[in-house]
Amino acid sequence: MDIDREIANMQGATALPRKNGELIFSELWEGRVFAMAIALHGEGAFPWEEFRHRLMAEVNSADCNSDLAPDYYELWLAAFEQLLLKKGIMTREEFERRKAEFASGEREEVF
């Protein structure tokens, strides 16, 4: 099965949010983190099944009954971050530095 079909056919809690068959992104960052995961997988950085398992673990560990329950792409981001660190694509220091740059406005979002 090619990756496009594999992603499109994700089921259950890991299924991508859609409206009328189209993917839904409420914020710009959601589309970006989605695209980054797809792009890095496409470059061979990790097998899709490994990402999907990490996403399932995030979904299963989330407290979805709370008012502070994370949304789908927050779980996607958490799974992606873990994979970047585990695979050595980014170090914890690089990750924390980039995060701080965005939070401080030092690194602006790309549109």
Side-chain angles (χ1 to χ4, degrees):
M1 176 180 286
D2 66 22
I3 191 63
D4 292 338
R5 282 210 169 124
E6 193 169 333
I7 294 167
N9 293 328
M10 289 170 47
Q11 301 291 314
T14 61
L16 293 159
R18 295 176 185 271
K19 183 174 184 177
N20 295 325
E22 297 292 322
L23 292 177
I24 303 170
F25 301 106
S26 299
E27 304 279 340
L28 290 174
W29 71 265
E30 295 175 346
R32 289 191 185 121
V33 73
F34 171 80
M36 286 189 293
I38 302 302
L40 283 176
H41 163 73
E43 292 178 7
F46 54 84
W48 187 253
E49 193 63 14
E50 186 173 2
F51 176 79
R52 194 177 70 75
H53 283 294
R54 287 200 174 272
L55 179 58
M56 286 188 325
E58 287 296 322
V59 168
N60 290 335
S61 69
D63 181 5
C64 296
N65 296 322
S66 163
D67 290 339
L68 302 174
D71 74 13
Y72 179 84
Y73 287 107
E74 288 172 341
L75 300 173
W76 181 284
L77 176 60
F80 186 55
E81 288 172 354
Q82 289 177 22
L83 200 56
L84 291 174
L85 295 171
K86 178 185 177 225
K87 294 290 190 181
I89 296 168
M90 289 185 83
T91 65
R92 171 62 64 191
E93 293 76 25
E94 290 170 321
F95 177 78
E96 292 301 329
R97 187 182 74 245
R98 293 266 178 102
K99 191 171 155 182
E101 288 171 354
F102 278 108
S104 71
E106 183 179 333
R107 179 181 286 261
E108 293 185 25
E109 292 190 33
V110 178
F111 294 97

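These numbers come from a predicted model, not from an experiment. Because only heavy atoms are used, hydrogens play no part in the values below, and waters and symmetry mates are left out as well, while side chains stay in. Residue numbers count from 1 along this sequence.
- Classification of the Phe80-Phe51 ring pair by plane angle, with boundaries at 30° and 60°, yields perpendicular.
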| task | Take Leu77 and Trp29 through the side-chain contact (heavy atoms from CB on, under 4.5 Å) test and state the conclusion after the steps. | result | CA-CA 10 Å; Leu77 176 60; Trp29 71 265; 4.1 Å; yes

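- We find the CD-CE distance between Glu49 and Met56 to be 7.0 Å, quoted to the nearest 0.5 Å.
- Residues passing the side-chain hydrogen bond (donor to acceptor under 3.5 Å, both in side chains) test with Glu30, sequence neighbours excluded: none.
- Atom-to-atom distance recorded for Leu85:CG and Glu94:CD is 9.5 Å, nearest 0.5 angstrom.
- A salt bridge is absent between Glu93 and Arg97: the closest approach of a Lys/Arg side-chain nitrogen to an acidic carboxylate oxygen does not fall below 4.0 angstrom.
- The aromatic rings of Phe34 and Phe25 sit tilted relative to each other, their planes meeting at an angle between 30° and 60°.
- Across all non-hydrogen atoms, the minimal contact from Pro47 to Lys87 is CD-NZ, 4.4 Å.
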| request: Report the C-alpha separation of Phe95 and Ile89 in whole Å, then their side-chain angles, then the decisive distance to 0.1 Å, and conclude whether the side-chain contact (heavy atoms from CB on, under 4.5 Å) test is met. | output: CA-CA 10 Å; Phe95 177 78; Ile89 296 168; over 6 Å; no

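- Note: Leu40 CG to Leu84 CG = 6.5 Å, rounded to the nearest 0.5 Å.
- The shortest side-chain heavy-atom distance between Tyr73 and Ile24 does not fall under the 4.5 Å cut-off.
- Glu50 contributes atom CD, which lies 11.0 Å from atom NE2 of His41 (distance to the nearest 0.5 angstrom).
- At a threshold of 4.5 Å between side-chain heavy atoms, the hydrophobic network of Ile, Leu, Val, Met, Phe, Trp and Tyr places Phe46 and Trp76 in one connected group.
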| request: Please test Glu58 against Arg54 for side-chain contact (heavy atoms from CB on, under 4.5 Å), starting from the C-alpha separation and ending with a verdict. | output: CA-CA 6 Å; Glu58 287 296 322; Arg54 287 200 174 272; 5.8 Å; no

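- To the nearest 0.5 Å, the span separating CG on Asp71 from CD on Glu27 amounts to 8.5 Å.
- Taken from CD in Glu81 to NZ in Lys99, the straight-line distance is 6.5 Å, to the nearest 0.5 Å.
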